[in-house]
There are 2 protein chains.
Amino acid sequence: MTDYSHYAATQHPAVALSIPDLETRTTGREPADIRLWLRMLSCCTLIENEVRSRLRSEFQTTLPRFDLMSQLTHAPKGLKMSELSRLMMVTNGNVTGITDQLEKDGLVERMKDDGDRRSSLIRLTMKGRRYHRRMQRAHETWIQSLLGGLAPAARNTLFDLLGDLKQATYSRLPAA
Amino acid sequence: MTDYSHYAATQHPAVALSIPDLETRTTGREPADIRLWLRMLSCCTLIENEVRSRLRSEFQTTLPRFDLMSQLTHAPKGLKMSELSRLMMVTNGNVTGITDQLEKDGLVERMKDDGDRRSSLIRLTMKGRRYHRRMQRAHETWIQSLLGGLAPAARNTLFDLLGDLKQATYSRLPAA
DNA sequence: TATTGTTATACTCTATAACTATA
DNA sequence: TATAGTTATAGAGTATAACAATA
């Protein structure tokens, strides 16, 4: 049993702002799941668009590139392509492409020192580590600014509920 | 003041499944906002990947195309390109491209009957309406299946919290 | 002058599938 | 046979900016 009672009601207008976006197409007559999905999707799209835009204008890079580097920061010894693929939720070929670009820019390197000679370990170079650190600091600031309007208690409840949702969804995937 | 007390704790394992995904890179030492964002993003990516894949395999179409048609279903008189752009949260040029494809397939049509001769109204054709209805039914089933593991009370709370988040985020966008 | 929509350009990401070299 | 990674292919979305027609 999980207790969400630490969450206290937030103070906000009774009527949500009517902002035209992906959720607008709902009329209220749709199943609750559809409305929930479209609302969550518009939240994500809103933030993602903003982050993509700032990564481009301030760091001349993209979200997948930043994500790949972020995954590597917690693996000093490096990660295999297949591990990156699973972590980033994209296919193997895509990871090869993104890695190629980052390698060309000297931000990551392929290490051929595994016991298994089919695979290689990808890891950040020094330059990559420095570059990522700068981006990460900015990224944290952006996210905190964008999500900062939500009260801490609400944020905690949301975090827990999304954890439940994620677990439930995973278990309902056809593959799973 | 909003009351979320209708939400009752869900029953689930105390320890969340350790699934490797976008959220995995968090260590617990990141700011709460970052962890929340990555968790929400992995929820969305999970569902989006699944929906994209099924739209492709079962209906030979894409998510943006389905989204554009969905927007039109609630506007019998049609929508302007600029309205679609805002609703779909993408740029004007993109909407032109997606509309071109749908028009070529006879699913939407451009109507030049506005007072403003610069703009046109896009609306679903009969064929488009029928086609969309089939997709929408399937889409509802998919989403209900994917989100169905979450208890109704949890789902309601999540819906409300995401509403708060969306509103807060909108008001914190640089443009806003 | 500003706005609506289109076009042109160039790039990034994407899935799929065939391929290689290992295991 | 199975797996790790690459390559080839094709396509789909994206931003940006220049453009024409109209307001």
Side-chain angles (χ1 to χ4, degrees), chain A residues 22 41 45 48-69 78-105 107-123 175, chain B residues 22 41 45 48-69 78-105 108-122 175:
Chain A
L22 293 165
L41 184 57
T45 306
E48 242 186 291
N49 282 352
E50 193 61 28
V51 170
R52 276 182 210 279
S53 161
R54 296 196 199 179
L55 279 176
R56 184 178 355 265
S57 64
E58 299 184 26
F59 293 99
Q60 292 74 51
T61 195
T62 64
L63 195 48
R65 271 191 270 238
F66 173 65
D67 284 345
L68 194 152
M69 296 180 77
L79 290 173
K80 293 199 294 180
M81 300 299 271
S82 50
E83 291 174 323
L84 278 171
S85 168
R86 196 176 61 249
L87 289 166
M88 296 179 65
M89 304 165 89
V90 299
T91 58
N92 233 317
N94 298 132
V95 174
T96 297
I98 299 170
T99 301
D100 287 347
Q101 298 170 347
L102 291 172
E103 194 175 33
K104 207 175 57 190
D105 291 342
L107 299 170
V108 307
E109 56 190 350
R110 285 172 162 90
M111 308 297 291
K112 273 284 185 191
D113 61 344
D114 204 5
D116 188 334
R117 281 191 298 173
R118 287 172 306 182
S119 68
S120 55
L121 284 175
I122 317 303
R123 68 178 192 195
Chain B
L22 293 165
L41 183 58
T45 305
E48 242 186 289
N49 282 353
E50 193 61 29
V51 170
R52 275 181 211 279
S53 160
R54 296 196 200 179
L55 279 176
R56 186 181 353 266
S57 64
E58 298 183 26
F59 294 98
Q60 292 75 50
T61 194
T62 65
L63 195 49
R65 272 191 269 239
F66 174 64
D67 284 344
L68 194 152
M69 297 179 77
L79 290 172
K80 293 199 293 182
M81 300 298 272
S82 51
E83 290 174 324
L84 278 171
S85 167
R86 196 175 61 249
L87 288 166
M88 295 179 65
M89 307 165 88
V90 299
T91 58
N92 232 320
N94 297 132
V95 174
T96 296
I98 300 170
T99 302
D100 287 347
Q101 297 169 349
L102 291 172
E103 194 176 33
K104 206 176 59 191
D105 290 342
V108 306
E109 56 191 351
R110 285 172 163 89
M111 308 296 292
K112 274 282 187 193
D113 61 344
D114 202 7
D116 188 334
R117 282 191 297 174
R118 286 172 306 181
S119 68
S120 55
L121 285 175
I122 317 304

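Letters go in sequence order (proteins before strands), and every chain restarts at 1. Fair warning: this is a prediction, and the values are worked out from it, not measured in the lab.
- Counting to the nearest Å, the P atom of D/dA4 and the NZ atom of A/Lys112 are 13 Å from each other.
- Closest to the A/Lys80 side chain, of the nucleotides C/dA23, D/dG13, D/dG5, is D/dG5.
- Scanning both residues, A/Pro64 and A/Arg52, for their nearest heavy atoms gives CD-NH1, 4.3 Å.
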Starting from the C-alpha separation in whole Å, work towards a yes-or-no answer on side chain to side chain donor-acceptor pair (under 3.5 Å) for A/Asn94 and A/Thr91. CA-CA 5 Å; A/Asn94 298 132; A/Thr91 58; 2.5 Å; yes

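- Residue A/Ser120 is classed as a sugar-phosphate contact, given heavy-atom separations below 4.0 Å to backbone atoms only.
- If you check every strand for non-hydrogen atoms under 4.0 Å, A/Arg52 touches nothing.
- B/Ser53 contributes no side-chain N or O that, together with a main-chain N or O of B/Asn49, makes up a donor-acceptor pair within less than 3.5 Å.
- Looking at heavy atoms from C-beta onward, B/Arg65 lies in side-chain contact with B/Leu102 at the 4.5 angstrom threshold.
- Taking only side-chain atoms of B/Arg56, from C-beta outward, the nucleotide of C/dT16, C/dT12, D/dT7 with the closest atom is C/dT16.
- Checking C/dG5, C/dT12, D/dT16 against every side-chain atom of B/Thr91, the shortest atom distance belongs to D/dT16.
- The side chain of B/Pro64 sits closest to D/dG13 out of D/dA4, D/dG13, C/dT6.
- Listed nucleotides D/dA4, D/dT6, C/dT6 differ in distance to A/Ser119; the shortest reach to its side chain belongs to D/dA4.
- Of the candidate nucleotides D/dT3, C/dT6, C/dT16, D/dT3 has the atom lying nearest to any side-chain atom of A/Arg118.
- One can place CG of A/Asp116 at 19 Å from P of C/dT20, the figure rounded to the nearest angstrom.
- One atom, CG of A/Asn94, and another, P of D/dT7, lie 14 Å apart when rounded to the nearest Å.
- Here A/Thr96 lies in heavy-atom contact (under 4.0 Å) with a base.
- You'll find that the side chain of B/Arg110 is closest to C/dT6, out of C/dT16, C/dT12, C/dT6.
- Among the protein residues, A/Gly93 comes within range of the nucleic acid bases, having at least one heavy atom under 4.0 Å from a base atom.
- With rounding to whole Å, B/Leu55 atom CG is found 15 Å from D/dG13 atom C1'.
- For B/Ile98 and A/Ser53, each mapped to the nucleotide of DNA chain D holding its nearest heavy atom, the one lying further toward the 5' end belongs to B/Ile98.
- If you take CZ of B/Arg117 and P of D/dT22, they are 6 Å apart, rounded to a whole angstrom.
- For the pair A/Met81 CE and D/dT7 C1', the interatomic distance rounds to 12 Å; values are reported in whole Å.
- At D/dG11, none of the side-chain N or O atoms of B/Gln101 fall inside 4.0 Å of OP1 or OP2 (strictly under the cut-off).
- Closest contact between the side chain of A/Asn92 and the listed nucleotides C/dT12, C/dT7, D/dT6 involves D/dT6.
- Side-chain atoms of B/Asp116 come within 3.5 Å of backbone N or O of B/Arg118 as a donor-acceptor pair.
- Nucleotide C/dT6 holds its C1' atom 12 Å from the CD1 atom of B/Ile122, rounded to whole Å.
- Atom P of nucleotide D/dA12 and atom CZ of B/Arg65 are separated by 5 Å, given to the nearest angstrom.
- Within 4.0 Å (heavy atoms only), A/Val90 reaches sugar-phosphate atoms of the nucleic acid but no base atom.
- Out of D/dT16, D/dG5, C/dG5, the shortest distance to the side chain of B/Ser82 is found at C/dG5.
- The CG atom of B/Asp67 lies 7.0 Å from the CG atom of A/Leu41; values are rounded to the nearest 0.5 Å.
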